Undergrad: 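Would you mind keeping the following structure in view while I ask a few things?
This one's a predicted model, so the numbers in the text were calculated from it and none came from an experiment. Throughout, protein chains are lettered first and strands after them, A, B, ... in sequence-line order, and every chain is numbered starting at 1.
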2 protein chains.
Amino acid sequence: METTREKLINATFDELFSHGYQGASLADILAKAGVHKGSMYHFFANKKEMALAAIEETILKKNLEKYSYVETYTSGFLEEFYTRLRDTSVRDFKRGCPIANVVQEMSNIDEDFNSLMKSIYGAFRANVKAIFDKAVEVGEMKPCDTTKLALFTTSTIEGAILSAKATGNAQDYGDVIEELIEHIEGKR
Amino acid sequence: METTREKLINATFDELFSHGYQGASLADILAKAGVHKGSMYHFFANKKEMALAAIEETILKKNLEKYSYVETYTSGFLEEFYTRLRDTSVRDFKRGCPIANVVQEMSNIDEDFNSLMKSIYGAFRANVKAIFDKAVEVGEMKPCDTTKLALFTTSTIEGAILSAKATGNAQDYGDVIEELIEHIEGKR
DNA sequence: TTGAAGCTTGACTAATCGGTCAAATTTTGT
DNA sequence: ACAAAATTTGACCGATTAGTCAAGCTTCAA
């Protein structure tokens, strides 16, 4: 069963993803979650704390699901990475990337959001770097500056999602990803 | 002299850039502009119309300044493009890219914003494509799918700005741009 | 000089915002 | 069974939100 706290976290994340933090209405979140206001303030000190918790917990969970394969695979790191990159079924191009949305909106406004986004973004980059490091280790890729390549890769992915959101054309994401993969393949 | 309307446009753009649309306070904009509320409603129907006007007019002006060189140059298109890409003095990594910020925040919320951002983003892409087309024309670059390359380039630039904003490290932008230039140079 | 148009002033409204709180209810441990 | 703790309820608060409007001022044309 979904606890009250879970209901709130889920409704908050969805509302944040749709309307951003400043556009998120507590009343809407509460209605969506089917939870009363006082009940919410029992679990969270304020709107901001609830939002930070929603982002942190949700993204952490998704990250774990998405990059844990690196631990279990022994080869085909790049191919698996490409496959997951190409998979658009997990993407919502209308709403874009939940991380990037909050980074754009809140990084320069609030220090706590900035700090959280920094760590999430850093984890994303570290996960991609780990894939490249593994690829180098097993000879799928020539030794190179994997830190820089991971930075380039994550930046381009975020840019691709943004492009698709701006134009409303999911194919834009696919086109950028293909060119990105070409670029990475150049490092074989 | 700065007209009342110009004061409003400038103050609105700055406030939008700093706090986003939903976070932009009319009271703050009016205070910054030194204009009274009734006066503002004399020039604009509402907050949204003023915001749309501020974005459109400001971005159009900047775009004109930034890409008009393509019309006057006869060679060195890529080099000039790289130089401008590398120039970080015009960038505000704390606030990021004003276009991307509004795309992220508003594209999926309001159709009028979505439509405006679509056309601005399209113009950005068209400007970059025009540079590549010129470069191909004068033999600085092998013929290739310049539409796709322009999409890739603009996406990566936006991603680079986002990365620098997320980490607070301007060098991230520089690193991504260098790798991007390497990629484009591969098309020589 | 006069009148109309353009512009400015600032008080006002209704709605929504995030947040508080005391009382009622349910759950839990003993 | 009982008490204590955890949770829920919903009315209420002050502040802020975008937006309205009638009156006054300034500019300019005839």
Side-chain angles (χ1 to χ4, degrees), chain A residues 1-58 101-102 105-114 116, chain B residues 1-57 101-102 105-106 108-114 116:
Chain A
M1 199 208 92
E2 208 180 15
T3 67
T4 299
R5 191 178 183 284
E6 283 164 352
K7 281 184 204 163
L8 286 169
I9 289 285
N10 293 337
T12 300
F13 187 81
D14 190 68
E15 176 78 2
L16 281 180
F17 196 7
S18 294
H19 300 291
Y21 175 72
Q22 298 176 113
S25 153
L26 262 188
D28 288 356
I29 293 173
L30 294 171
K32 195 180 296 184
V35 169
H36 289 266
K37 187 169 273 193
S39 204
M40 173 223 137
Y41 278 96
H42 173 75
F43 289 101
F44 301 100
N46 48 45
K47 179 189 174 187
K48 183 172 138 183
E49 292 304 317
M50 184 165 70
L52 290 170
I55 295 168
E56 184 167 8
E57 294 173 24
T58 309
N101 289 0
V102 180
E105 184 190 1
M106 297 303 295
S107 277
N108 60 317
I109 293 179
D110 184 278
E111 186 45 46
D112 293 318
F113 275 95
N114 180 245
L116 176 60
Chain B
M1 199 208 91
E2 208 180 14
T3 67
T4 299
R5 191 178 184 283
E6 283 164 352
K7 280 184 205 164
L8 286 168
I9 290 287
N10 294 337
T12 301
F13 187 81
D14 190 69
E15 175 78 3
L16 282 179
F17 196 6
S18 293
H19 300 291
Y21 175 71
Q22 299 177 112
S25 154
L26 220 38
D28 288 356
I29 293 173
L30 295 171
K32 196 180 294 183
V35 169
H36 288 267
K37 186 168 272 192
S39 203
M40 173 224 137
Y41 277 96
H42 174 74
F43 290 100
F44 301 100
N46 48 47
K47 178 189 174 186
K48 182 172 139 183
E49 292 304 317
M50 183 164 73
L52 290 170
I55 295 168
E56 183 167 10
E57 294 172 24
N101 289 359
V102 180
E105 183 189 1
M106 297 303 295
N108 60 316
I109 292 180
D110 183 278
E111 186 45 47
D112 294 316
F113 275 96
N114 180 244
L116 176 60

Undergrad: Between which nucleotides of DNA chain D, read 5' to 3', does contact with chain A run, using atoms under 4.0 Å from its heavy atoms?
TA: D:dT7 to D:dG10
Undergrad: Can you measure from CG (A:Leu8) to NZ (A:Lys32) and round to the nearest 0.5 angstrom?
TA: 12.0 Å
Undergrad: Using whole Å, report how far CZ of B:Arg5 lies from P of C:dG6.
TA: 16 Å
Undergrad: Which nucleotides of nucleotides 9-21 of chain C have their base under 4.0 Å from a protein heavy atom (B), which only their sugar-phosphate (S), and which neither (-), written as one string 5' to 3'?
TA: BB------SBBBB
Undergrad: Rounded to the nearest 0.5 Å, how far apart are CZ of B:Phe44 and CZ of B:Arg5?
TA: 4.0 Å
Undergrad: Please check: side-chain N/O of A:Gln22 versus main-chain N/O of B:His19, any donor-acceptor pairing under 3.5 Å?
TA: yes
Undergrad: Can B:Ile29 and B:Met50 be said to form a side chain to side chain contact (heavy atoms under 4.5 Å, CB included), step by step?
TA: CA-CA 11 Å; B:Ile29 293 173; B:Met50 183 164 73; 4.1 Å; yes
Undergrad: Going from CD on B:Glu57 to CD on B:Glu6, what distance comes out if it is rounded to the nearest 0.5 angstrom?
TA: 9.0 Å
Undergrad: So, A:Asn101 side chain and A:Gly20 main chain: donor-acceptor pair closer than 3.5 Å or not?
TA: no
Undergrad: Taking the six-membered ring of B:Tyr21 as reference, does the NZ or CZ atom of B:Lys47 fall below 6.0 Å from its centre and within a 45° cone about the axis?
TA: yes
Undergrad: Establish, with yes or no, whether the OP1 or OP2 oxygen of C:dT8 is under 4.0 angstrom from a side-chain nitrogen or oxygen of B:His42.
TA: no
Undergrad: In Å, rounded to the nearest 0.5 Å, how long is the span from OG1 of A:Thr12 to CG of A:Leu26?
TA: 8.0 Å
